[in-house]
Number of protein chains: 2
Amino acid sequence: MGRRNDHTREEIREAAIQAAQLCIQQDGIQGINARHIAQDIGYAVGTLYQLFKNMDLLILAVNLRTLKALEQHVLAACNSTLSAQENMQQMALAYVDFALHNTPSWQAVFAHQLKDEQDMPQAYQEQRLRLFTLVEQQFKAAFPDMDAQQVSLETRALWAGIHGICSLTLSHKLHDNEMTLNDIAHTLIAHFLQPESNQQGEKS
Amino acid sequence: MGRRNDHTREEIREAAIQAAQLCIQQDGIQGINARHIAQDIGYAVGTLYQLFKNMDLLILAVNLRTLKALEQHVLAACNSTLSAQENMQQMALAYVDFALHNTPSWQAVFAHQLKDEQDMPQAYQEQRLRLFTLVEQQFKAAFPDMDAQQVSLETRALWAGIHGICSLTLSHKLHDNEMTLNDIAHTLIAHFLQPESNQQGEKS
DNA sequence: AATAAAACAGAACATCGTTCATAAAGTCAA
DNA sequence: TTGACTTTATGAACGATGTTCTGTTTTATT
């Protein structure tokens, strides 16, 4: 068959991304497969490769959406009536909540690694940075007296810490059932955010 | 060719594991490939499959060694002349050091996930538990007054946190160069181990 | 209508994990 | 030593996968 034109280029691309998204949600990142997705959207494999240079970039497109959804989820946890510290805590817990309720998609974001590091889309890098900056700014607001370098370190330690807890818990590597994910996260957060003693970090 | 018998079953198995280990160290977990390893050890592909049910189990054998090496590295950081808190800190830093200097092997341990979760070798589970228990006991020694449940939470939060910092930093997802991995880890540790104020964790 | 360009299909190729029938070499009793 | 049996090793072959490529059909252009 030749040219059909019953769908826009953009429509097919959209359908492919959604099909891939569904695959990941159901069977994880391993469930994605060019032929399967092509069949799902009613087009041939070759057509898929005119929309995405390779499967990695399709996965990346899905992951970009996951990152955006994650950002929305974290943003929604913020509330201007709360203190910066409380907001910070809510954001961290929102991250945990997202990972817990969108596990395969969330895992895909971090499990997937490109063969060629160079063709990582700009938009993807930016999206990750945007989410992180959001957190960093909230942290800065929570500790206005802390110098920038220290804020940078604290934010990374806390955020990566939360990430690690989700990562190990959800892949069953912390010798624990998933019920305690929240408890562990609370434990970590408590060390960083203490409403009373706003300890200023002195570098060693 | 038929039976050769110039190597023991165990010798070939050993050679395969070492070849796979080298592959991972050089090209990461994606570099492993049945034909390549078979050629490396001078045997055919079929022979490999008489020693390992599948490639996953070969990778697992390599990862088991990595876990053992990691345990040794963490153990070596302990020193009976130091306080439990100092030992705890040294162990965490040893983990970071190991991840930093054995990045591909370390990443392989956590990136790899079995298709069939059921055939995870007992020894592998036990090795992971052994390492974690080591940390937990040291933590308990550092905070003798803390109740068991709290120790459990604190240890998991700290250890998973350290893991997350390594994971994100080494996969370049923290918007930072690797130089600051240690600084970030120190920041996290400082929140858990404060020689002065041994804050007792009250559950909320 | 003729030509060019774009869209699409699906066969084809390379690479991978895995299986399998077969051959060679060893073992051991008669 | 011979012959039957077992063990070990092979590599061709199968199926699944990512990716490429050629050809065909449709649309756009002149």
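Residue numbering restarts at 1 for every chain, and letters A, B, ... go by the order of the sequence lines.
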| query | Taking side chain as C-beta onward, heavy atoms only, is A/I162 less than 4.5 Å from A/I189? | reply | yes
| query | Strictly under 6.0 Å, is that where the ring centroids of B/Y95 and B/W159 end up? | reply | yes
| task | Carefully, step by step, assess A/K140 and A/T155 under the rule side chain to side chain contact (heavy atoms under 4.5 Å, CB included). | result | CA-CA 9 Å; A/K140 186 163 187 55; A/T155 309; over 6 Å; no
| said: Is there a salt bridge (Lys or Arg N to Asp or Glu O under 4.0 Å) between A/E126 and A/K68? Walk through the geometry before answering. | reply: CA-CA 11 Å; A/E126 289 174 358; A/K68 282 181 180 169; over 6 Å; no
| message | Looking at C/dA7, I'd like to know if its phosphate oxygens (OP1 or OP2) sit under 4.0 Å from a side-chain N or O belonging to A/R9. | response | yes
| query | How many angstroms lie between atom CD1 of B/I24 and atom CD1 of B/I29, to the nearest 0.5 angstrom? | reply | 5.5 Å
| task | Evaluate the side-chain proximity of A/I37 to A/L58: yes if any heavy-atom separation is below 4.5 Å, no if none is. | result | yes
| request: Output yes when at least one side-chain N/O atom of B/N33 is less than 4.0 Å from OP1 or OP2 of C/dC16, else no. | output: yes
| message | Could you tell me if the side chain of B/C78 sits less than 4.5 Å from the side chain of B/Q90, heavy atoms only? | response | no
| message | Near DNA chain D, counting only heavy atoms under 4.0 Å, which residues of residues 39-53 of chain A show up? | response | A/V45, A/Y49
| task | Just call it for A/I37: base, sugar-phosphate, or nothing, with non-hydrogen atoms closer than 4.0 Å on any strand. | result | nothing
| field | Value rounded to 0.5 Å, distance of NE2 in B/H163 from NE2 in A/H163 | value | 7.0 Å
| request: Could you run through DNA chain D and flag its stems, i.e. three or more consecutive Watson-Crick or G-U pairs with both distances under 3.5 Å? | output: C:1-30 with D:1-30
